[in-house]
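Beneath this line is the structure, given in structure tokens, with notes to follow.
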Amino acid sequence: MTRIEFFMQAPCQMPNGLQATSEGLWIVDQVTDDAILVDRRGRVLRRFFTESENASGVTFGGGALWIGVNGATTFRIHRKTDRHDTGLLKVDPHTGVTLAWHKMSGEGRDGIHGIEWVRGRIWVTRPGAKTIEIVDAKDGSVERVVNVALGRSHGMAWQDGHMWCVFTSDCVICRLDPRTGKAVQTIEAPKPNPEPHGFTIWDGDMLYCDATTGAICRVIP
């Protein structure tokens, strides 16, 4: 039987994306749009401002940090750097300086809720359309679209040729066939457990964050 246990409290108000790396665990805060790197004890190793707006989803690849941006934030005062658009923001993982911006259509797709780097491509959840788009990291062009059965798709993690994906409203984490989007395994994280949003796999541990409580939880299937 699946067990959900508390792992750490995020050092921010609304953690909405997770990405494990060799340096530590990256967290993106949807309120401040900061990127935060922590160790396994939850100690902040690095934190910096980014030019994202209404951030949801973070990944690491090609030597850079990538953040899913939804625009039109209601969580803070608008900044001069806000683009008010949906897209992928590429930033320097040491300074937060913007390296590239790939605008993406948000119409009918409910923006971007989760992203994951896979061999030079970024997989992007589009919850409104019930799809995952596979995007070329060089120019942001969509190369392929995978249909999924559930809505409100969120954080993702690539493992052994399959894509794990959180479906927040259904409180499930599904291992998907990357060709068809069909779920080949489903893990439930039912209430009253914290709600799953961002997701990553860190040294074998499945972790998700709850943007409401700020909890980061470990999933033990």
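A 4.5 Å side-chain heavy-atom check between Arg47 and Cys12 finds at least one atom pair inside the cut-off. Put simply, the side chain of Pro15 does not reach to within 4.5 Å of the side chain of Val28, judged on heavy atoms. Using a 4.5 Å heavy-atom cutoff, the side chains of Phe60 and Trp117 are not in contact. With contacts defined as side-chain heavy-atom distances shorter than 4.5 Å, the pair Ile67/Leu88 does not qualify. A 4.5 Å side-chain heavy-atom check between Val91 and Val97 finds every atom pair outside the cut-off. Between Cys217 and Glu5, the closest side-chain pair of non-hydrogen atoms is not below 4.5 Å. Taking 4.5 Å as the limit, every side-chain heavy atom of His154 sits out of range of all side-chain heavy atoms of Pro127. The closest side-chain heavy-atom distance from Thr2 to Ile220 is not below 4.5 Å.
For Asp29, the side-chain hydrogen bond (donor to acceptor under 3.5 Å, both in side chains) test picks out Thr32, with sequence neighbours left out. Take Lys103 and apply the salt bridge (charged side-chain N to carboxylate O under 4.0 Å, His left out) test, not counting sequence neighbours, and it matches Asp85. The side-chain hydrogen bond (donor to acceptor under 3.5 Å, both in side chains) check on Asp205 picks up Arg40, Arg218, with sequence neighbours excluded. For Arg46, the salt bridge (charged side-chain N to carboxylate O under 4.0 Å, His left out) partners are Glu23, not counting sequence neighbours. Qualifying side-chain hydrogen bond (donor to acceptor under 3.5 Å, both in side chains) partners for Glu188, counting only residues two or more places apart in sequence or in other chains: none. Under the ring-ring contact (aromatic ring centres under 6.0 Å, His included) criterion, Phe48 pairs with Trp26, not counting sequence neighbours. Under the rule for a salt bridge (charged side-chain N to carboxylate O under 4.0 Å, His left out), Asp210 has no partner lying at least two apart in sequence or in another chain. With sequence neighbours excluded, no residue forms a side-chain hydrogen bond (donor to acceptor under 3.5 Å, both in side chains) with Thr125. Listed by chain and number, the residues in a salt bridge (charged side-chain N to carboxylate O under 4.0 Å, His left out) with Arg121 are Glu143 (sequence neighbours excluded).
Between Trp158 and Trp123, the ring-plane angle classifies as tilted under the 30° and 60° cut-offs.
Side-chain atoms of Thr73 and Glu53 include no donor-acceptor pair closer than 3.5 Å. Looking at Ser141 and Asp136, their side chains never bring a donor and an acceptor atom within 3.5 Å of each other. His113 and Asn70 are not linked by any side-chain donor-acceptor pair at a separation below 3.5 angstrom, with hydrogens and angles left out of the test.
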- Is there a side chain to side chain contact (heavy atoms under 4.5 Å, CB included) between Ile173 and Tyr208 once you walk through the steps? CA-CA 10 Å; Ile173 305 163; Tyr208 74 76; 4.3 Å; yes
- Using the side chain to side chain contact (heavy atoms under 4.5 Å, CB included) rule, take Thr98 and Leu89 through it: C-alpha gap first, then chi angles, then the decisive distance, then the call. CA-CA 7 Å; Thr98 297; Leu89 187 72; 3.6 Å; yes
- Task: For the pair Lys90 and Trp101, evaluate side chain to side chain contact (heavy atoms under 4.5 Å, CB included) and give the outcome as yes or no after the intermediate values.
- Result: CA-CA 6 Å; Lys90 179 182 181 182; Trp101 164 254; over 6 Å; no
- Task: Evaluate side chain to side chain contact (heavy atoms under 4.5 Å, CB included) for Ile216 paired with Leu25, printing each intermediate quantity in order.
- Result: CA-CA 11 Å; Ile216 297 176; Leu25 179 68; 4.2 Å; yes
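Ala211 and Asn16 make their closest contact through CB-OD1, 3.6 Å (heavy atoms, listed as atom of the first residue, atom of the second, distance). Taking both residues in full, the closest heavy atoms of Ala183 and Cys174 are given as CB-CB, 4.1 Å, listed atom of the first, atom of the second, then distance. Taking every heavy atom of both residues into account, Ala20 and Ile201 meet most closely at CB-O, 3.5 Å.
Here salt bridge (charged side-chain N to carboxylate O under 4.0 Å, His left out) pairs that include residues 152-164, with residues two or more places apart or in two chains, are Arg152-Glu195.
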Side-chain donor-acceptor pairs of residues 128-135 under 3.5 Å, sequence neighbours excluded:
unit_1 : atom_1 : unit_2 : atom_2 : d
Glu133 : OE1    : Arg126 : NH1    : 2.9
Glu133 : OE2    : Arg109 : NE     : 3.0

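Arg179 and Asp177 are joined by a salt bridge, as a carboxylate oxygen and a charged side-chain nitrogen come within less than 4.0 angstrom of each other. Salt bridge annotation for Glu51-Arg83: present, with a cationic side-chain nitrogen under 4.0 angstrom from a carboxylate oxygen.
Between the CE atom in Met156 and the CD atom in Glu116 there is a gap of 6.5 Å [rounded to 0.5 Å]. Atoms CD and CZ, from Gln30 and Phe75 in turn, are 4.5 Å apart once rounded to the nearest 0.5 Å.
Residue Met1 is found outside any hydrophobic cluster, as its side-chain heavy atoms come under 4.5 Å of no other Ile, Leu, Val, Met, Phe, Trp or Tyr.
Under a cut-off of 6.0 angstrom, the local environment of CD in Gln159 is crowded, with over 12 non-hydrogen atoms contributed by other residues, nucleotides or ligands.
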